[in-house]
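Indexing begins at 1, ligand by ligand and atom by atom, following the structure's order.
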Amino acid sequence: MTITPTISPLVLKAARAPKAELHIHIEGSLEPELIFALAQRNHVELAYASIEALRAAYAFTDLQSFLDIYYAGASVLLTEQDFYDMTMAYCERALADNVVHTEIFFDPQTHTERGVPIETVVAGIDRALADAEKRGLTSKLILCFLRHLSEADALATFDAALPLFARYPRMIGVGLDSSERGHPPSKFERVFAKARAQGLKLVAHAGEEGPPAYIYEALDLLKVDRVDHGVRSIEDKALVTRLADTRVALTVCPLSNLKLCVFDDMTKHTLKKLLDEGVAVTVNSDDPAYFGGYVNENFSAIITALQLDDQEVYTILRNSFEASFVTPEERAALIAKLDRYWSGAVA
Ligand code: HPA
Ligand code: ZN
């Protein structure tokens, strides 16, 4: 006798719903198969003998143990076509998950450090996003600074990127990622002030592994529009109240949190508590090739573990559009699309 697992009607309803993804590192969408294909195409030597050996190394104990492998994986990206192929592979997966709008992070310093010009990186990613847009997936691009590198490096990266913000309308903001512990947002106050002066949108990873104090710094010093992860905000009641009152959204990534041991079990995830407190949480994939799932797998895992109900799932989906960097007209159209779907579908 074979036992077929039943998918809960609400998981299915969420999977088919139109949604925005607001926290995805494009380099984290590189599947092992594509890493090996690009390594071969570019004659790059990998430290792993096979796809299976690489995948077997995906047993992370914390953020840094993941980042070491993530940067090694990105070393195969050299040409504009490589960045196109990586981005198009992500777009295919996003379209399959009914993502209608995505806001993508990229890490230029990971590539410029290896001699790949930032223009090559952006041209490849943007060309794929333009092609995906013809198939119903709109997008924005957010340049992330690597926080383990110096402030001077971030400032130089920003200066090099300035002409690209003008040339690529899809590039609308800056973010902050990589090793959080020991690299507080305050280290990047000046480069964020420069970005703000250019009218760019601002986001930062904070409170993934770092303390609530880093979330305060992201809000007060960097003046971010959204906080990436932010799950440790739950440790500070005043901070939770502030996030709820100001509607500064958190881009939560459940499978990432589980794989990087932020929570040791999905049932201990704090997403529902944050939702109950009125915080604008969203659900996202972070680095889907490394953490075992794209956005719909994140919805499935969190709905099941926390036994979310119809209204809670709707709120999370709606938050994804509320917190996105689209125009008010685009936002209204996206929410209307969600509402039409949600009221017509039965869970
Ligand atoms: N945290 C910090 N930096 C990152 C991550 C993350 O989850 N993914 C890729 N860079
Ligand atoms: Zn992230």
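Counting heavy atoms from C-beta on, the side chains of Arg232 and Glu208 never come closer than 4.5 Å. Looking at heavy atoms from C-beta onward, Lys259 lies out of side-chain contact with Phe66 at the 4.5 angstrom threshold.
Side chains of Thr282 and Asn319: a donor-acceptor N/O pair is absent below 3.5 angstrom, by distance only. When only modelled atom types and interatomic distance are considered, Tyr341 and Asn98 share no side-chain donor-acceptor pair under 3.5 Å.
The hydrophobic cluster containing Val248 does not contain Leu221, counting ILVMFWY residues as joined when their side-chain heavy atoms lie under 4.5 angstrom apart, directly or transitively.
Remark: the backbone N or O of Ser324 is not paired with any side-chain donor or acceptor of Glu103 at under 3.5 angstrom. Of the possible polar contacts, one joining the Ser150 side chain to the Asp153 backbone as a donor-acceptor pair under 3.5 Å is found.
Atoms of the protein (N, O or S only) found under 2.8 Å from the Zn ion (ligand 2) are His23 NE2, His25 NE2, His205 NE2, Asp286 OD1.
The protein residues lying under 4.0 angstrom from ligand 1, judged by non-hydrogen atoms, are His25, Leu63, Phe66, Leu67, Tyr70, Asp177, Ser178, His205, Glu208, His229, Asp286, Asp287.
The aromatic rings of His25 and Tyr70 stand perpendicular to each other, their planes meeting at an angle above 60°, with 30° marking the opposite boundary.
Taking the six-membered ring for Trp and the full ring otherwise, the centers of His205 and His229 sit less than 6.0 Å from each other.
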